[in-house]
2 protein chains.
Amino acid sequence: MFSKACEYGIKACIFIAINSYEGKRVSPKEIAEEINSPHAFTAKILQALVRQRVIDSVKGAYGGFEVSKNEIQHIKLAQIVKAIDGDRIYNGCGLGLEKCDEKHPCPVHDKFKGVRDELKQMLENTSLEELALNIKSGSAFLKL
Amino acid sequence: MFSKACEYGIKACIFIAINSYEGKRVSPKEIAEEINSPHAFTAKILQALVRQRVIDSVKGAYGGFEVSKNEIQHIKLAQIVKAIDGDRIYNGCGLGLEKCDEKHPCPVHDKFKGVRDELKQMLENTSLEELALNIKSGSAFLKL
DNA sequence: TATAAATAGGATAAGTTTATCCGAATTAAA
DNA sequence: TTTAATTCGGATAAACTTATCCTATTTATA
Ligand code: FES
Ligand code: FES
């Protein structure tokens, strides 16, 4: 469904959000430990998320990754997924035709569209805030 | 969503079904031309589908790939996808945890499960027959 | 200003998926 | 029984994703 990079990216954002609530910045190494991912690869993904302005980074001593507290509720899963995996998952044809086109549909178009749109809705309606709360409350987990 | 191999596999099955209705066997080359795929790679995928008993093959002169007419309505998309991509898409965790477990859910579990189950339903309820009819009637396309 | 702690980014390696090629095995028909 | 058409399967290559390593750059603090 999502690439490994995207899975790591989502989990990383959640962990960053939790820490940002407490005013703490986190390093790729801390993040990687918490989400059980290779730290150097995770660092690359974080760089991409910064370039796409999903999260913020502060360089130098006492730096790290963070996200502004006020933004946490407004950042949606859809933004993270789009920043890393692009928007093929939202717009692409399920059978890989050049583009998904009502006028020239593939055989599964009608049925696939429903599922794809539900996925899109889900990603657009889910905020980093609620995901972070699931972790804080202990009702969900980032690894194992 | 699906691998390239799976996309080719689904399209190939549809084309095979259409021809089997007319008692014709088809070769990887014909299939590849019709679905716009690399023919040698397509042949490998067809071999896998034969091993998994989704379709049949007849070796030697006048051989080719086919599917028994009576089966076409009973073959579901889900079988094809499972034969090629496995069942991670049906059972796997959206964030890549070792397994999707209600007792140890990832942060997106509740929301992801809904989408994943809808996808599963769609694939289990869609038969090769209806997809083939979409092509025959000219209301859907296998390439471009 | 020097130092240490951090992100940024390039180069490279490892692993997986996608793709190609070729010869072996099979089979219908001449 | 020979031939030609065809699937099967192994070996290999190309492309992409995932992962590692090292150096440069930035920046707060001593
Ligand atoms: S054309 Fe294939 S999903 Fe729309
Ligand atoms: S645990 Fe992640 S989807 Fe169920």
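Chain letters run A, B, ... following the sequence lines, proteins first and then strands; every chain starts at 1.
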Can you measure [X] atom [atom1] to [N] atom [atom2] for me and round it to whole angstrom units?
X: Ile45(B); N: dT7(D); atom1: CD1; atom2: C1'; answer: 15 Å
X: Tyr8(A); N: dT17(D); atom1: OH; atom2: P; answer: 15 Å
X: Lys29(A); N: dT20(D); atom1: NZ; atom2: C1'; answer: 13 Å
X: His39(B); N: dC8(D); atom1: NE2; atom2: P; answer: 14 Å
X: Ile84(B); N: dT18(C); atom1: CD1; atom2: C1'; answer: 13 Å
X: Asp85(A); N: dC16(D); atom1: CG; atom2: P; answer: 16 Å
X: Phe41(A); N: dA13(C); atom1: CZ; atom2: P; answer: 18 Å
X: Ile16(A); N: dT7(C); atom1: CD1; atom2: C1'; answer: 12 Å

From [options], pick the nucleotide closest to the side chain of [X]?
X: Gln47(B); options: dG9(D), dT18(D), dC21(C); value: dG9(D)
X: Pro28(B); options: dT7(D), dA28(C), dA8(C); value: dT7(D)
X: Lys59(B); options: dT18(D), dA8(C), dT7(D); value: dT7(D)

Can you check whether [Y]'s main-chain N or O pairs, donor with acceptor, with [X]'s side chain at less than 3.5 Å?
X: Lys143(B); Y: Glu33(B); value: yes
X: Arg25(B); Y: Val58(B); value: no
X: Arg116(A); Y: Gly92(A); value: yes

Residue that, paired with Phe65(A), satisfies side-chain contact (heavy atoms from CB on, under 4.5 Å) out of Asp56(A), Ile55(A), Leu49(A): Ile55(A)

If you go through the side-chain atoms of Lys44(B), does one of them form a donor-acceptor pair with the base of dG10(D) closer than 3.5 Å? yes

Judged by each residue's nearest nucleotide on DNA chain C, which is more toward the 5′ side, Thr42(B) or Gly64(A)?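 On the 5' side of the pair lies Gly64(A).
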
Given DNA chain D, 5'-ward residue of the pair Ala61(B) and Val58(A), judged by closest heavy atom: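 Nearer the 5' end of the strand: Ala61(B).
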
Distance below 4.0 Å between Ser57(B) side-chain N/O and dC8(D) OP1 or OP2: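 Result: yes.
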
Sugar-phosphate only, base, or nothing, as touched by Tyr62(B) at under 4.0 Å among non-hydrogen atoms: sugar-phosphate

Arg51(B) near the nucleic acid: base, sugar-phosphate alone, or nothing, with a heavy-atom cut-off under 4.0 Å?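 Contact class for Arg51(B): sugar-phosphate only.
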
For Phe141(A), is the NZ or CZ atom of Lys11(A) found under 6.0 angstrom from the centre of its six-membered ring and inside 45 degrees of the ring axis? no

